[in-house]
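Below, all heavy atoms of this structure are taken into account, side chains as well, without hydrogens, waters or symmetry copies.
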Amino acid sequence: MAKKHPTQQSATVNPLSLTRSLPHELSEAISTSLASYQKSISGNRKLRLIDYFLTFLVFLGVLQFAFCLLVGTFPFNAFLGGFCSTVAQFVLTISLRLQTTGTKEIFQNISSQRAFAEYIFASLLLHFIVYHFIN
C-alpha cells in the first residue's frame, strides 16, 4: 500500500455542498444582472420602451405557440404567418435597439432617426409580406 505524501491531500468534494451553493450562486448572478440592467436603463425612456415591446413580443410568441398546441393548427398558414411575424418583429426590434443604444463603433454612420426610419420601413414590408402569405 502506497503511503500518502504529507503535502498531497485527497481532493474529495462533497456533492451536496455544490448543490446547496448552486441556487445561492444562481440567485446572486440574477440579482447582479438585474441591478446592472436597471442601472443601464435608469434614465433612458426609449430603451425602456423598446424592452417592454420586446417582452410583449416574447409573451405573444409563447401565447401563439401554446394556442397552437392546445387548440390545433387548422388554419396552419395563419399560425405560421402570425408566429413568423412575431419572431421577425422581435429580430427587427433587437436591431433597432442595437443601432440606437448599442456600440457606436459599429453603427457610427447611422443616426437614431435613420435607424428608426429603416425599422418602420422593414416592419411595414414584413407585415405586407405576412398579409399576402395568409391570403
Centroid-centroid distance, Phe128 to His132, less than 6.0 Å: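 Yes; His132 has its ring centre under 6.0 Å from that of Phe128.
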Give me the atom names and distance for the closest heavy-atom approach of [X] to [Y].
X: Thr86; Y: Gly61; result: CG2-N, 3.8 Å
X: Ser123; Y: Gln89; result: OG-NE2, 3.1 Å
X: Val130; Y: Ser85; result: CG2-CB, 3.7 Å
X: Phe133; Y: Asn77; result: CE2-O, 3.7 Å
X: Ile110; Y: Arg114; result: CG1-NH1, 4.2 Å

Determine, using the 4.5 Å side-chain heavy-atom cutoff (strictly less than), whether [X] and [Y] are members of one ILVMFWY cluster.
X: Leu92; Y: Val58; value: yes
X: Leu57; Y: Ile120; value: yes
X: Val91; Y: Tyr52; value: no
X: Leu126; Y: Val87; value: no
X: Leu47; Y: Phe53; value: no

Donor-acceptor contact below 3.5 Å, side chain Thr101 vs main chain Leu98: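 It does not hold such a pair.
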Whether Ser31 side chain and Glu28 backbone form a donor-acceptor pair below 3.5 Å: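 Side chain of Ser31 to backbone of Glu28: a pair is present.
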Minimum side-chain heavy-atom gap Arg97-Asp51 below 4.5 Å: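 A side-chain contact exists here, since the closest heavy-atom pair is under 4.5 Å.
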Pairwise side-chain contact, Leu96 with Phe116, heavy-atom cut-off 4.5 Å (strictly under):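 When only atoms from C-beta onward are counted, Phe116 and Leu96 do touch, with a gap below 4.5 Å.
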Let me confirm one number: the [atom1]-[atom2] distance from [X] to [Y], rounded to the nearest 0.5 Å.
X: Lys46; Y: Ser112; atom1: NZ; atom2: OG; result: 5.5 Å
X: Leu80; Y: Cys68; atom1: CG; atom2: SG; result: 9.5 Å
X: Leu70; Y: Phe65; atom1: CG; atom2: CZ; result: 10.5 Å
X: Ile50; Y: Tyr119; atom1: CD1; atom2: OH; result: 8.0 Å

Geometric class of the Phe76/Phe79 ring pair [parallel <30°, tilted 30-60°, perpendicular >60°]: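 Tilted.
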Phe67 CZ: over 12 foreign heavy atoms closer than 6.0 Å: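 No, the 6.0 Å shell around CZ holds no more than 12 heavy atoms from other groups.
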Within 6.0 angstrom of Tyr37 OH, more than 12 heavy atoms from elsewhere: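 Yes, the 6.0 Å shell around OH holds more than 12 heavy atoms from other groups.
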Trace of the side-chain contact (heavy atoms from CB on, under 4.5 Å) decision for Leu60 with Gln64: CA-CA 6 Å; Leu60 188 63; Gln64 286 177 348; 4.2 Å; yes
